[in-house]
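Structure first, commentary second.
The residues of the chain are indexed from 1 along the displayed sequence. Side-chain atoms are counted along with the backbone in the values below, which use heavy atoms only and exclude waters and symmetry mates.
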Amino acid sequence: MSPKYYLIIFFLQISHITAAPIIITVGEAQDPNCDFIDLQSAINSDALSMDIRVTHTLVTDTGIFIEDQPVKNLKGGYNNCEEAAQGIQPLKTQYSLISNVDQPAITVLISESRRFGIGEAVDMEITGFEILDSDGGIDAHYNGLGSSFLLELSHLKVHNNSDRGMN
């Protein structure tokens with residue numbers, strides 16, 4: 001085979017590699033290792049593909065709104081931002097708190113335009129949060145034709161919300 005043929009094969013293999021999500025950490029202002037101190041600001045940062053990790057000490061009292069932002073993972077309960085960045089898994093007894101919100105605590109609106117490539121489903125995971133005393137828990141909607149949206153919810157505590165837990 002000619003060197004040109006090898007080069008073409010190499011290029012085609014590289015073109016199918018997907019980039020790992022960018023890790024973004026969110027916690028309290030006194031933690032110098034945090035990228036953000038506000039969860040919505042982290043979501044709005046609009047990196048290419050985000051793995052947002054939140055400390056269990058952060059309390060959020062405003063609704064979280066994800067509309068076509070490239071959030072791949074929204075994970076709470078980490079001890080601190082350094083451990084979150086390193087991927088040290090939080091204890092299953094720790095949660096990041098979203099409380100006292102006058103709307104659904106987490107709203108996810110995903111449209112066809114949010115898709116990353118032809119034939120790929122949009123996947124998002126939300127884990128490690130406690131949602132309480134709000135007007136709703138999680139409100140998720142997908143607006144797409146001929147494709148799917150997989151929202152994986154795990155290790156959540158959703159209770160004492162005035163309207164509903166999930167919609």
Side-chain angles (χ1 to χ4, degrees), residues 14-90 94-118 120-132 134-144 147-158 166-167:
I14 288 177
S15 68
H16 289 359
I17 296 173
T18 57
I22 295 169
I23 296 171
I24 296 175
T25 58
V26 184
E28 295 182 330
Q30 60 266 31
D31 186 338
N33 297 307
C34 296
D35 299 314
F36 290 90
I37 59 171
D38 176 70
L39 183 51
Q40 189 65 54
S41 295
I43 291 167
N44 293 344
S45 69
D46 218 21
L48 294 177
S49 176
M50 296 181 282
D51 183 346
I52 300 175
R53 300 176 182 179
V54 184
T55 64
H56 74 90
T57 56
L58 184 75
V59 175
T60 302
D61 61 1
T62 59
I64 303 306
F65 196 73
I66 302 170
E67 182 177 14
D68 288 336
Q69 283 100 340
V71 175
K72 182 72 175 164
N73 301 303
L74 186 59
K75 299 178 180 179
Y78 289 91
N79 284 327
N80 55 55
C81 286
E82 182 177 2
E83 288 185 11
Q86 293 174 3
I88 297 173
Q89 295 302 310
Q94 293 181 164
Y95 296 87
S96 298
L97 182 64
I98 301 176
S99 180
N100 296 315
V101 179
D102 61 359
Q103 61 192 29
I106 300 175
T107 300
V108 179
L109 301 173
I110 303 297
S111 68
E112 186 76 20
S113 64
R114 161 65 161 71
R115 298 186 68 216
F116 292 117
I118 296 172
E120 290 185 31
V122 177
D123 296 310
M124 182 185 304
E125 178 186 10
I126 300 175
T127 185
F129 285 89
E130 181 173 10
I131 300 169
L132 71 125
S134 298
D135 280 352
I138 298 174
D139 194 8
H141 301 276
Y142 175 69
N143 182 19
S147 59
S148 64
F149 170 67
L150 174 62
L151 175 60
E152 182 177 324
L153 305 172
S154 64
H155 188 59
L156 297 173
K157 290 171 68 174
V158 181
M166 310 281 280
N167 185 27

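- Across all non-hydrogen atoms, the minimal contact from F129 to V54 is CZ-CG2, 3.9 Å.
- Taken from CG in N80 to CG in L58, the straight-line distance is 13.0 Å, to the nearest 0.5 Å.
- Atom-to-atom distance recorded for T127:OG1 and E125:CD is 5.5 Å, nearest 0.5 angstrom.
- Scanning both residues, Q94 and Y78, for their nearest heavy atoms gives NE2-C, 4.3 Å.
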Show your reasoning for whether side chain to side chain contact (heavy atoms under 4.5 Å, CB included) applies to I131 and V101. CA-CA 9 Å; I131 300 169; V101 179; over 6 Å; no
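- A heavy-atom distance below 4.5 Å is found between the side chains of L153 and I138.
- Rounding to the nearest 0.5 Å places CD1 of I98 at 10.5 Å from CD of E130.
- In this structure, the separation between CG on D61 and CG on N100 is 7.0 Å, given to the nearest 0.5 Å.
- Within a 6.0 Å sphere centred on CD1 of I37, heavy atoms belonging to other residues, nucleotides or ligands number 12 at most.
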For side chain to side chain contact (heavy atoms under 4.5 Å, CB included), just list the numbers for L109 and F65, CA-CA rounded to whole Å, side-chain angles, deciding distance to a tenth of an Å, and then say yes or no. CA-CA 8 Å; L109 301 173; F65 196 73; 3.3 Å; yes
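- A side-chain donor-acceptor contact under 3.5 Å links Q69 to the backbone of E67.
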Please walk me through it: do V108 and M124 pass side chain to side chain contact (heavy atoms under 4.5 Å, CB included)? CA-CA 10 Å; V108 179; M124 182 185 304; 4.0 Å; yes
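- Closest of all the heavy-atom pairs between L151 and A140 is CD2-CB, 3.7 Å.
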Applying side chain to side chain contact (heavy atoms under 4.5 Å, CB included) to K72 and D51, what does each step give before you reach the verdict? CA-CA 6 Å; K72 182 72 175 164; D51 183 346; 5.6 Å; no
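- For the pair S134 (side chain) and L132 (backbone), a donor-acceptor distance under 3.5 Å is present.
- Across all their heavy atoms, L156 and G128 have their closest contact at CD2-N, 4.0 Å.
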Would you mind writing out the side-chain donor-acceptor pairs for residues 24-33 within the sub-3.5 Å range, not counting sequence neighbours?
unit_1, atom_1, unit_2, atom_2, d
T25, OG1, N33, O, 3.3
T25, OG1, D35, N, 3.1
T25, OG1, D35, OD2, 3.2
E28, OE1, Q30, NE2, 3.0
D31, OD1, N33, N, 3.0
D31, OD2, C81, N, 3.0

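- The two residues S96 and T55 come nearest to each other via the heavy atoms OG-O, 2.9 Å.
- A side chain to side chain contact (heavy atoms under 4.5 Å, CB included) with I64 holds for exactly one of I106, V71, I52; it is I106.
- Two residues are said to be in side-chain contact when any heavy atoms from C-beta on lie closer than 4.5 Å; H56 and P90 fail this criterion.
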